[in-house]
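Shown next, in structure tokens, is the structure this report addresses.
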Amino acid sequence: ELFPQLAQELADRDYRADFAIATANHEAGPAALALERAGETQGIRIAPLVLEPGVDVSGEVEQLRRSDHASFWDVNIPALLLTDTGNYRGSYYHCGRTEDSVDILDFQFAAQMTRAVIGASAALLRAQ
């Protein structure tokens, strides 16, 4: 409901993701947008999901609070969750339907994501 375009993209792909998501509270919005731009330079899509003020601590987004970033949101500290959309990426996520093993890891994608995080961090530092 909050991100209808992205929800439609997932539905169109039979709920399989080929992108990452940077879910950010309003204060961390610039970091999410920097990740989107840095991802483009690495040939990967990082979709920024920036929540409006107050939405991050509402019950409306409980599924977006399922990690460590939520404790920062609770005290109004800028934070984001960068995820490869694990449960939309493959059946092996947390050993859901198939066994997880190192041979199914996408090391190229991991390297691209790492470079994107470094690039976004550098861009944010330069902007200060």
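Computed from a predicted model, the values in this text were never measured in an experiment.
When all heavy atoms are compared, the tightest approach of Ala38 to Ala120 is CB-N, 3.7 Å. Considering every non-hydrogen atom in both Ala24 and Gly29, the closest pair reads CB-N, 4.2 Å. The shortest heavy-atom contact between Leu124 and Pro30 is CD2-O, 4.0 Å.
Between Asp74 and Val57, the closest side-chain pair of non-hydrogen atoms falls below 4.5 Å. Here the side chains of Phe19 and Ile46 are not in contact, with every heavy-atom distance at 4.5 Å or above. Side-chain contact between Asn25 and His69 is absent, with no heavy atoms from C-beta onward closer than 4.5 Å.
Interatomic distance, Ile21 CD1 to Leu35 CG, rounded to the nearest 0.5 Å: 12.5 Å. Residue Leu80 holds its CG atom at 12.0 Å from CD of Glu27, rounded to the nearest 0.5 Å. Separating the CZ atom in Arg45 from the CD atom in Glu36 is a distance of 8.0 Å, to the nearest 0.5 Å.
The backbone N or O of Gln42 lies less than 3.5 Å from a partner atom in the side chain of Gln112, making a donor-acceptor pair. No donor-acceptor distance shorter than 3.5 angstrom exists from the side chain of Trp73 to the backbone of Pro78, with no hydrogens or angles considered.
A donor-acceptor contact closer than 3.5 angstrom is absent between the side chains of Gln108 and Asp106.
Taking hydrophobic clusters as Ile, Leu, Val, Met, Phe, Trp and Tyr residues chained together by side-chain heavy-atom distances below 4.5 Å, Val50 does not share a cluster with Leu64. Leu81 and Leu49 fall into different hydrophobic clusters, where Ile, Leu, Val, Met, Phe, Trp and Tyr side chains are chained together by heavy-atom contacts under 4.5 Å.
By the 6.0 Å contact criterion, CG on Asp68 is open, its count of non-hydrogen atoms from other residues, nucleotides or ligands being 12 or less.
Using a 4.0 Å cut-off between a side-chain N of Lys or Arg and a carboxylate O of Asp or Glu, Arg65 and Asp56 do not qualify as a salt bridge.
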